[in-house]
Chemist: 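Next up is a structure, given as C-alpha cells.
Values below: all heavy atoms of this structure, side chains included; hydrogens, waters and symmetry mates excluded. When a ligand or atom number is given, it counts from 1 through the structure's own listing order.
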Amino acid sequence: MTSSSTEPTPAAAPGPPPGAGDDAFLSVRDLYVHFHTEDGTVKAVDGLSFDLPRGRTLGIVGESGSGKSVTNLAVLGLHDPRHTTVRGHIRLAGQELTGAPERTLEKLRGNTMAMIFQDSLTALSPYYTVGRQIAEPYRKHTGASRREARRRAVEMLAKVGIPEAGRRVDDYPHQFSGGMRQRAMIAMALVNNPDLLIADEPTTALDVTVQAQILDLLQDLQREFGSAIILITHDLGVVAEVADDLLVMYAGRAVERGPVREVLREPRHPYTWGLLDSMPRLTGAPDAPLTPIPGAPPSLLSPPAGCPFHPRCAFTAEAGPDRCAGERPSLPPEPSAGGRGAACHLTAEQRRNLRRSR
Ligand code: ADP
Ligand code: MG
C-alpha cells in the first residue's frame with residue numbers, strides 16, 4: 001500500500017516504538033500547542049510528530065502561520081502556561097520535556113539546546129553589552145573566568161563576522177545594526193556548542209555573503225559536536241544545501257516529510273507542490289516566476305475538518321471530495337522509521353499522473 005492509505009495506524013504498543021529515543025536525539029510525538037485567546041482556542045500545532053537524530057539537520061518549511069515557530073518554542077519550553085496548553089511528548093536524549101519543571105528547562109536552554117530567533121530584539125537585552133550577553137552563559141556553563149569568557153565572546157563575534165570584534169564586544173545592542181544584532185544573537189546561541197540548535201529563519205535579514213558564513217558556522221558546529229539542527233527557512237536553496245530531512249508544515253500539522261533530496265525532487269503532497277512553486281530556489285533560473293498558492297491558510301480558531309488543505313487543493317476531485325473534506329489523512333510511517341510520507345488521500349498512481357500532467 002502507499003502513503004495514501006487511510007487505514008488507521010495500528011495501535012501503538014506500550015512505550016515508545018522501537019527505535020524512537022534510541023537514535024532520535026529529539027523525538028516529538030502528537031504535539032498539540034493550543035493558545036487560549038479572547039476569540040477562542042488557536043490550534044497552532046495540532047498533532048505533530050517528528051524525529052531528529054544527532055548530527056542531522058531537519059529543515060522545516062511552510063507558509064507563514066503554519067506553526068513552525070510555535071513548535072520550536074514548545075521544544076524550548078517557552079510558551080506561557082497561563083494561556084497555552086502544550087500536550088504530547090517532547091523527548092530530548094530520552095528526557096521528557098513536556099511538563100518538565102521550569103528549572104530543568106532553563107538549565108537545558110543555552111547549554112544543551114539553543115535557539116536563534118527570527119527577531120534578534122526578542123533575544124538580546126538592551127541593558128547589557130553584547131559581549132556580556134555572550135560571555136555570561138559561557139561562564140555559567142563552563143566556569144571560565146571573566147577574562148576567559150570575554151575572550152570567548154570576542155572569538156564568537158569574530159566568527160559570526162563582526163568586524164573589530166575586540167572593540168565591538170563592549171557595545172550595547174542599540175549600537176549594532178540589525179544585521180549585526182542578528183549575528184550577535186547567533187554568537188550567543190552557539191557559544192556553548194549546543195547539542196540541539198534551533199535556527200528560526202536565522203539568515204533572513206542578512207546579506208548573501210554573511211548568510212553563507214553563518215550556514216558554514218552551523219555546519220562546523222554539527223561536524224565538531226554532532227549537534228542536531230532544526231532549520232526553519234523560506235529559502236529552498238538553503239534547505240537543499242544544508243538540510244538532511246525536510247518537514248513540510250501546514251495549519252499546525254506535518255503534511256509531508258522525508259529525505260530532503262527526495263522531497264524536493266518528487267514532492268507528494270499538493271501543498272508541497274504549490275509551496276515549492278512559490279519559494280525561491282538557488283538552483284534553477286534566478287528569475288523563474290514564483291507562483292503563489294491560491295487562497296489563504298485557514299483560521300486556526302476553526303480549522304477545516306478532514307485535510308486542512310482541502311479548501312485550497314485543486315485535486316480533491318481525484319482523491320474524492322467527501323474524503324478530503326471529511327477524513328483527516330494520516331502521515332505514515334512512524335517518524336522513527338525515517339521514511340517518506342505525505343498526509344494526502346491521493347493514491348501514489350493518481351499523484352504520478354497528476355505530476356506528469358502539470
Ligand atoms: P510560523 O509558521 O510562521 O512560524 P507561528 O508558529 O508563529 O507560524 O504561528 C502559528 C499560529 O499561531 C499563527 O496563526 C499565529 O498567529 C498563532 N500564534 C502564535 N503565537 C500565538 C500566541 N501567543 N497567541 C495566540 N496565537 C498565536
Ligand atoms: Mg515563524
Side-chain angles (χ1 to χ4, degrees), residues 26 28 30-50 52 57-88 90 98 102 105 113-123 178 182 185-186 189 197-206 211 214 229-236 238-239 243 245-257 263 269 271-272 274-276 278-280 292-293 295-304 308-309 311-312 331 343:
L26 174 68
V28 172
D30 301 318
L31 180 67
Y32 293 79
V33 183
H34 291 181
F35 296 109
H36 308 292
T37 72
E38 282 181 6
D39 299 328
T41 302
V42 177
K43 296 174 179 165
V45 177
D46 211 42
L48 179 70
S49 300
F50 65 87
L52 177 58
T57 298
L58 174 72
I60 305 185
V61 294
E63 282 167 297
S64 184
S66 55
K68 306 181 297 295
S69 296
V70 167
T71 297
N72 288 293
L73 291 170
V75 172
L76 291 166
L78 287 175
H79 290 298
D80 183 345
R82 286 169 303 176
H83 315 290
T84 322
T85 303
V86 179
R87 268 197 298 126
I90 300 170
T98 24
E102 179 52 26
L105 295 166
M113 55 184 183
M115 179 151 172
I116 300 170
F117 293 88
Q118 226 165 332
D119 171 10
S120 59
L121 286 180
T122 56
Q182 183 68 12
M185 182 180 50
I186 293 169
L197 178 73
I198 298 173
D200 194 345
E201 303 187 23
T203 59
T204 311
L206 304 174
Q211 219 175 58
I214 300 297
I229 299 179
I230 294 179
L231 181 69
I232 302 170
T233 176
H234 277 115
D235 189 328
L236 282 180
V238 169
V239 166
D245 301 299
L246 190 61
L247 181 71
V248 182
M249 284 188 69
Y250 185 74
R253 307 178 193 178
V255 294
E256 178 155 8
R257 80 165 113 68
V263 176
H269 197 290
Y271 177 65
T272 315
L275 189 70
L276 297 187
S278 73
M279 291 169 77
I293 308 173
S299 157
L300 298 177
L301 286 166
S302 52
F309 187 60
R312 298 170 81 186
L331 199 166

Chemist: I need the atoms of ligand 1 closer than 4.0 Å to a non-hydrogen atom of S66, numbered in the order shown.
Modeler: 1 (P), 2 (O), 8 (O)
Chemist: Right, does atom 15 (C) of ligand 1 have protein non-hydrogen atoms nearer than 4.0 Å?
Modeler: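 It does not: no protein heavy atom is found less than 4.0 Å away from atom 15 (C) of ligand 1.
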Chemist: I want to check something: taking the side chain as every heavy atom from C-beta on, are V33 and T84 in contact at a cut-off of under 4.5 Å?
Modeler: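 The answer is yes; the side chains approach within 4.5 Å.
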Chemist: Taking the side chain as every heavy atom from C-beta outward, state whether M249 and L48 have any atom pair closer than 4.5 Å.
Modeler: yes
Chemist: Got the closest protein heavy atom to atom 3 (O) of ligand 1, with its distance?
Modeler: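 Result: G65 N, 2.7 Å.
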Chemist: Is the closest heavy-atom distance from G67 to ligand 1 below 4.0 Å?
Modeler: yes
Chemist: Using a 4.5 Å cut-off on heavy atoms from C-beta on, say whether the side chain of D235 contacts that of E201.
Modeler: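 Answer no - side chains too far apart.
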Chemist: So that I can check it, does any N, O or S atom in S64 come closer than 2.8 Å to the Mg ion (ligand 2)?
Modeler: no
Chemist: Can you name the atoms of ligand 1, numbered from 1 with element, that are less than 4.0 Å from a heavy atom of S64?
Modeler: 3 (O)
Chemist: Any atoms of ligand 1 less than 4.0 Å from a non-hydrogen atom of A44? List them with their elements.
Modeler: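 Ligand 1 atoms under the 4.0 Å threshold to A44: 11 (C), 12 (O).
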Chemist: Can you tell if the side chain of R312 reaches within under 4.5 Å of the side chain of I293, non-hydrogen atoms only?
Modeler: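 Side-chain contact under 4.5 Å: yes.
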Chemist: Between I90 and L26, is there a side-chain heavy-atom distance shorter than 4.5 Å?
Modeler: yes
Chemist: Closer than 4.0 Å and a protein heavy atom, does any atom meet both conditions relative to atom 1 (P) of ligand 1?
Modeler: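 It does; a protein heavy atom is within 4.0 Å.
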Chemist: Under 3.5 Å, is there a donor-acceptor pair between the side chain of T98 and the main chain of G88?
Modeler: yes
Chemist: For atom 19 (C) of ligand 1, which of the options T37, D80, V70, D200 provides the nearest non-hydrogen atom?
Modeler: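 Shortest heavy-atom distance from atom 19 (C) of ligand 1: V70.
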Chemist: Would you say K68 and ligand 1 have an N/O pair spaced under 3.5 Å apart?
Modeler: yes
Chemist: Considering only the protein, which heavy-atom contact is closest to atom 17 (C) of ligand 1, and what is its distance?
Modeler: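 Looking at atom 17 (C) of ligand 1, the protein heavy atom closest to it is V42 CG1, 4.1 Å.
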Chemist: Is there a polar contact between ligand 1 and S69, counting only N or O atoms under 3.5 Å apart?
Modeler: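 N/O-N/O distance below 3.5 Å exists for this pair.
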Chemist: Assign the ring pair Y271 / Y250 to parallel, tilted or perpendicular, where the plane angle (0 to 90°) is split at 30° and 60°.
Modeler: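 Judged by the thresholds at 30° and 60°, the geometry between Y271 and Y250 is tilted.
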Chemist: Should you measure from each heavy atom of L300, which atoms of ligand 1 turn up under 4.0 Å away?
Modeler: 11 (C), 14 (O)
Chemist: Any side-chain heavy-atom pair from N72 and I60 closer than 4.5 angstrom?
Modeler: yes
